Amino acid sequence: MSASGLELRSASVALWRRMRGAASGIRWYVTTLMGDRAYETYVAHHRAQHPDAPVLTEREFWRERMDEQDRNPGARCC
């Protein structure tokens, strides 16, 4: 392979890595914004801060979260 071919391949690989990194960042942002990672965050926090207390199941967590939002709607439109 010629030097220019290697440079082109290297540039393509670098571009692909940047695109993958950007896509990964966008995915993280959207899933965090939409609350998809809320249970994972809760479990990590609960295990670190309250190691002796039982952790809610995912179903219990979401039920409690929805009930709390219903009790305190804040700035929601509905």
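Since the structure is predicted, the reported quantities are computational estimates derived from the model, not experimental observations.
Across all their heavy atoms, Pro54 and Tyr42 have their closest contact at O-OH, 4.5 Å.
Within a 6.0 Å radius of CZ in Arg59, other residues, nucleotides and ligands contribute 12 heavy atoms or fewer.
Both Met66 and Phe61 belong to a common hydrophobic cluster when Ile, Leu, Val, Met, Phe, Trp and Tyr are linked at side-chain heavy-atom distances under 4.5 angstrom.
With hydrogens and angles ignored, the 3.5 Å screen pairs no side-chain donor or acceptor of His50 with any backbone N or O of His45. One N or O on the side chain of Glu60 and one on the backbone of Thr57 form a donor-acceptor pair closer than 3.5 Å.
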Exercise for review: Starting from the C-alpha separation in whole Å, work towards a yes-or-no answer on salt bridge (charged side-chain N to carboxylate O under 4.0 Å, His left out) for Glu68 and Arg65.
Suggested key: CA-CA 5 Å; Glu68 178 63 26; Arg65 183 176 168 135; over 6 Å; no
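Contact check for Tyr39 versus Val55: side-chain heavy atoms found under the 4.5 Å cut-off.
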